[in-house]
K.L.:
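The structure follows.
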Amino acid sequence: MLDPKLLRNQPEQVAAQLKRRGFELNVEQLVGLEAERKQLQIQTQQLQNRRNSSAKAIGQAKARGEDVQHLLQAVSDLKLRLEGVETRLEALQGEIDAIAMGIPNIPHETVPDGAGEADNIEIRRWGEPPVFGFEPRDHVDLGAALEQMDFETAAKITGSRFSLLNGALARLHRALIHFMVDLHTGEHGYTETYVPYLVNAESLRGTGQLPKFEQDLFKLAGEHDYYLIPTAEVPLTNIVRNRIVGAEALPCRYVTHTPCFRSEAGSYGKDTRGMIRQHQFEKVEMVQVVRPQDSWQALEQLTGHAETVLQRLNLPYRVVALCAGDLGFSATKTYDLEVWLPGQKKYREISSCSNFGDFQARRMKARWRDPQTGKPEFVHTLNGSGLAVGRTLVAIMENYQQPDGSIRVPEALLAYMGGVEIVE
RNA sequence: GGAGGGUUGGCUGAGCGGUUGAAAGCACCGGUCUUGAAAACCGGCAUGGGUUCACGCCCAUCCAGGGUUCGAAUCCCUGACCCUCCGCCA
């Protein structure tokens, strides 16, 4: 959520900045509703004031043993009038809140202009795409030949966009998870965390998936409003919801591994082949909760933590800064890490690292006490994948493939593979 | 699934339907004292919103949402969560 004061006082400037990301803010409607709200609020508060003071007078008169009949008469109509304006104010406030909850974050000034993926800016590259003495295959072919990756059976068990792994490949998948979590806890200062995979609607509102993106989520049937997590960002970030964190506790750095569930509505026909886009995938997620003045430095650092995973695995990648039009709803700035996939001869997203500023914190009421002012202030939140495990497995298969279709295990993972050096 | 108890400020914890936005303690901030610190003593100290140049004034908030009442932290209903006991269970 944006600062309501900013929205109220400088709607034109806000609209101009949101336009960069392709969001049209209806300033006229907003200004109109705000004026109406202000008027109603003043009226309501005046009536409340009258109610309070007369109630107090009645109490005092009663205490003195006086007759209060005439006082009761004087306030008889007040109740009804007050109920009327209170109801109208509530409805209006609800309308304004609904609009505010649907407004995305403002892109940071360093975010490049642009409408979509094509306008993202490459920041740097690391590593060289491998040169093969043969035509490299993609992970689907490799997995099928190894008989360790099976989409048909997964489709039978569930449906499309699920996968089944076997044997050494399944082990490699698990090894990646352990390797990543160990790296972030051991070297990057994150606290290992275990979180619920089902979350309530309030948590999803906090991080920004709701109310706008319900169609992307799997919702459980039944009495509770529970959803499968689309990313561990939701449970991890909501740790600080409705909390005032002590200044000494910041920054909080959490890492966890979870499955992620996405309906992928609207991506029909996109990446239908292989493990790239699934309804269920594993991800290691990093979340940081920091002091406001530290968040830009933290974004660079967090991105570096994700890059380290790729570097240790010796996978070539590039870092791109998302343009304004490609930013996620809650983000004020995002770097994507894209890994080289020989099977597609393309760089593909494998991590997304974002600074949310106080956008999520405001929705969550996540605050810290600034020692300078002694006042509670909103924290800043960040997150990044470190990394998407399924896609990392794909990248390893395709980059480490050998002429006979076997896969060399990257050195960094050997310790986790129980002696397996080649998946074959 | 059944029975009972609970949820109050940063924390602990009082609270009678009416000057209770809320006692007390801790923590925190300022001051006195001290060579310095501690202790002691004095004072301050919730959050959000509205209004004002400002002092201030007003409104809301005691888990959430309804209700009763001139008036609700306090009474009633519903829900969430926590605790205790019984049953079931990986």
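Just so you know, these numbers use all the heavy atoms, side chains as well, and skip hydrogens, waters and symmetry mates. Every chain is numbered from 1, with letters handed out A, B, ... down the list of sequences.
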K.L.:
Hey, which sits more toward the 5' end of RNA chain B by its nearest nucleotide, A/I244 or A/K5?
P.N.:
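Nearest-nucleotide comparison on RNA chain B picks A/I244.
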K.L.:
Please measure how far the P atom in B/G67 lies from the corresponding atom in B/G50, and state the result in whole Å.
P.N.:
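Pairwise P distance, B/G67 against B/G50, rounds to 26 Å.
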K.L.:
Side chain of A/Q60 only, heavy atoms from C-beta on: which candidate in B/U47, B/U51, B/U19 is closest?
P.N.:
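Taking heavy atoms from C-beta onward, the closest nucleotide is B/U19.
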K.L.:
Could you work out the separation of B/U12 and B/A46 based on their C1' atoms and round it to a whole Å?
P.N.:
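Their C1' atoms lie roughly 16 Å apart.
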K.L.:
Using purine N1 to pyrimidine N3 plus N6-O4 or O6-N4 for Watson-Crick, or N1-O2 and O6-N3 for G-U wobble, both under 3.5 Å, which nucleotide pairs with B/C89?
P.N.:
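Pairing partner, where one exists within any strand: none, as none qualifies.
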K.L.:
Hey, can you tell me if A/Y190 and A/H188 have their rings parallel, tilted or perpendicular (30° and 60° cut-offs)?
P.N.:
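Geometry flag for A/H188 against A/Y190: perpendicular rings.
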K.L.:
Consider the side chain of A/R8, meaning its heavy atoms from C-beta on, and name the nucleotide among B/U47, B/G50, B/A60 that approaches it most closely.
P.N.:
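Taking heavy atoms from C-beta onward, the closest nucleotide is B/G50.
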K.L.:
Is B/A60 paired to anything, Watson-Crick or G-U wobble with both distances less than 3.5 Å, and if yes, which nucleotide?
P.N.:
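Across all strands, the one nucleotide that pairs with B/A60 is B/U47.
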K.L.:
Whole Å only: how far is the OH atom of A/Y226 from the C1' atom of B/A80?
P.N.:
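A/Y226 atom OH is separated from B/A80 atom C1' by 9 Å.
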K.L.:
Just how far, in rounded Å, is C1' of B/U52 from CD of A/Q45?
P.N.:
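Taking CD of A/Q45 and C1' of B/U52, I get 15 Å after rounding.
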K.L.:
NA contact type, A/R367, heavy-atom cut-off 4.0 Å: base, sugar-phosphate, or nothing?
P.N.:
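Sugar-phosphate, no base atom in range.
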K.L.:
Watson-Crick or G-U wobble partner for B/C81, using a 3.5 Å limit on both distances?
P.N.:
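Its partner is B/G6.
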K.L.:
In terms of the nearest nucleotide of RNA chain B, which residue is placed more toward the 5' end: A/K375 or A/N49?
P.N.:
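Mapping each residue to its closest nucleotide by heavy atoms, the 5'-most match is A/K375.
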K.L.:
Could you tell me which nucleotide pairs with B/C41 by Watson-Crick or G-U wobble geometry, both distances under 3.5 Å, or answer none if nothing does?
P.N.:
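B/G31 - that is the nucleotide pairing with B/C41, both distances being under 3.5 Å.
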K.L.:
For a quick test of your reading: what N or O donor-acceptor pairs under 3.5 Å do the side chains of residues 142-153 of chain A make, sequence neighbours left out?
P.N.:
{"from": "A/Q148", "atom 1": "OE1", "to": "A/A168", "atom 2": "N", "distance (Å)": "3.3"}
{"from": "A/Q148", "atom 1": "OE1", "to": "A/L169", "atom 2": "N", "distance (Å)": "2.8"}
{"from": "A/Q148", "atom 1": "NE2", "to": "A/E424", "atom 2": "O", "distance (Å)": "3.1"}
{"from": "A/D150", "atom 1": "OD1", "to": "A/E152", "atom 2": "N", "distance (Å)": "3.1"}
{"from": "A/D150", "atom 1": "OD1", "to": "A/T153", "atom 2": "N", "distance (Å)": "2.9"}
{"from": "A/D150", "atom 1": "OD1", "to": "A/T153", "atom 2": "OG1", "distance (Å)": "3.2"}
{"from": "A/D150", "atom 1": "OD2", "to": "A/T153", "atom 2": "OG1", "distance (Å)": "2.3"}

K.L.:
Taking the same atom, C1', in B/U84 and in B/G66, what whole-Å distance lies between them?
P.N.:
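These two C1' atoms come out 29 Å apart once rounded.
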K.L.:
Which base, if any, makes a Watson-Crick or G-U wobble pair with B/G36, both distances under 3.5 Å?
P.N.:
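For B/G36, the partner nucleotide comes out as none, under the 3.5 Å rule.
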K.L.:
Return each pair, listed once, that meets salt bridge (charged side-chain N to carboxylate O under 4.0 Å, His left out) where at least one residue sits in residues 154-174 of chain A; pairs must be two or more places apart or across chains.
P.N.:
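Every candidate salt bridge (charged side-chain N to carboxylate O under 4.0 Å, His left out) pair involving residues 154-174 of chain A fails, so no pair, neighbours aside, qualifies.
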K.L.:
Listing time: all N or O pairs from protein to nucleotides 68-76 of chain B that are below 3.5 Å?
P.N.:
{"from": "B/C70", "atom 1": "N4", "to": "A/K62", "atom 2": "NZ", "distance (Å)": "3.4"}

K.L.:
Take atom P in B/A38 and the same atom in B/A27, then report the distance between them in whole Å.
P.N.:
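B/A38 and B/A27 have their P atoms separated by 12 Å.
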K.L.:
Please give the distance between the C1' atoms of B/C70 and B/G17 as a whole number of Å.
P.N.:
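So the two C1' atoms sit 12 Å from each other.
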